[in-house]
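Encoded as structure tokens, the structure appears first; notes follow it.
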Amino acid sequence: MANPLEGDCDLKLCKFDSDEGRDTFWHSSAHILGESLERVYGCKLCIGPCTTRGEGFYYDAHYNDLTLNDTHFEAIDKQAKKAVAEKQAFEHIEVSRAEALEIFAENKFKVEIINELPEDKTITVYRCGPLVDLCRGPHIPNTSFVKAFACLKASASYWRGKADREGLQRVYGISFPDSKRLKEYQHMIEEAKKRDHRLLGLSQELFFFPST
């Protein structure tokens, strides 16, 4: 909403309950997650989209020897809440290829992405607090719209999904425009775990896994 309208266009306002609104909300939340990961662990950010299955978002990053698990989530969530409280604006900035390469000179993953873009491609970055990230947008106006944020899980991944490339850590997250929806989501997840056939089978001794 902060960008000027420079010509005739169609303006569409999307709420969280719409697919476009929800994807934009979670994409912006991924930037909050990326900022938190970068500030807490000094990692090299790779990509951070909303998930294709339509439940939240994730961020892949390179941490050298650190392996993330749920014991790290408290520090990440704390930093995310700080970013939300600061009402950081999402600032759209167009840059030249040379400027983009200079901005991300210390991040070989972003440099690889930039070098693969067509020569005539307009390159955009978004500034959010101290984070400047390679991104096409769109985004919510500022971080304060995210009223509820939580990390869900962490897993291993590879750059570009290729096993012969660098090993990465992927952190999944979820966010909502109000805390009630987060509580409802977390309750739904807990109920789904109770119905997990693998856990039910073990608890009812329907089957077992040998120790060797």
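Not measured: the values here are computed from a predicted model.
Between Y41 and H72, the ring planes lie perpendicular to each other; the angle is over 60°, past the 30° to 60° tilted range. Ring planes of Y185 and F176: tilted class, angle from 30 to 60°. Between H31 and F90, the angle of the ring planes goes over 60°, which puts this pair in the perpendicular group of the 30/60° scheme. Relative orientation of the F57 and F149 rings is tilted, given thresholds of 30° and 60° on the angle between their planes.
For the pair R39 (side chain) and I76 (backbone), a donor-acceptor distance under 3.5 Å is absent. Of the possible donor and acceptor atoms, one in the side chain of W26 sits under 3.5 Å from a partner among the backbone N and O of S175. At least one donor-acceptor pair closer than 3.5 Å links the side chain of K110 to the backbone N or O of C46. Between the side chain of R170 and the main chain of A154, no donor-acceptor pair closer than 3.5 Å is present. The closest donor-acceptor contact from the side chain of K147 to the backbone of S144 lies under 3.5 Å. D77 places a side-chain N or O within donor-acceptor distance of the main-chain N or O of C151, the cut-off being under 3.5 Å. Between the side chain of T143 and the backbone N or O of A83 there is at least one donor-acceptor pair closer than 3.5 Å.
When H139, H27, H92 are each tested for a side-chain hydrogen bond (donor to acceptor under 3.5 Å, both in side chains) with Y126, only one passes: H92.
At most 12 heavy atoms of other shown residues, nucleotides or ligands fall within 6.0 angstrom of atom CD in E106. A 6.0 Å sphere centred on CZ of R136 holds no more than 12 heavy atoms belonging to other residues, nucleotides or ligands.
L45 places none of its side-chain heavy atoms less than 4.5 Å from the side chain of F109. A heavy-atom distance below 4.5 Å is found between the side chains of I47 and Y58.
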**Request:** Go through the steps to decide whether E112 and R165 satisfy the test salt bridge (charged side-chain N to carboxylate O under 4.0 Å, His left out), and finish with yes or no.
**Result:** CA-CA 13 Å; E112 183 175 324; R165 295 298 305 268; 2.9 Å; yes
**Message:** Determine whether R181 and E184 satisfy the following criterion, salt bridge (charged side-chain N to carboxylate O under 4.0 Å, His left out), listing intermediate values before the conclusion.
**Reply:** CA-CA 5 Å; R181 295 197 201 200; E184 291 173 346; over 6 Å; no
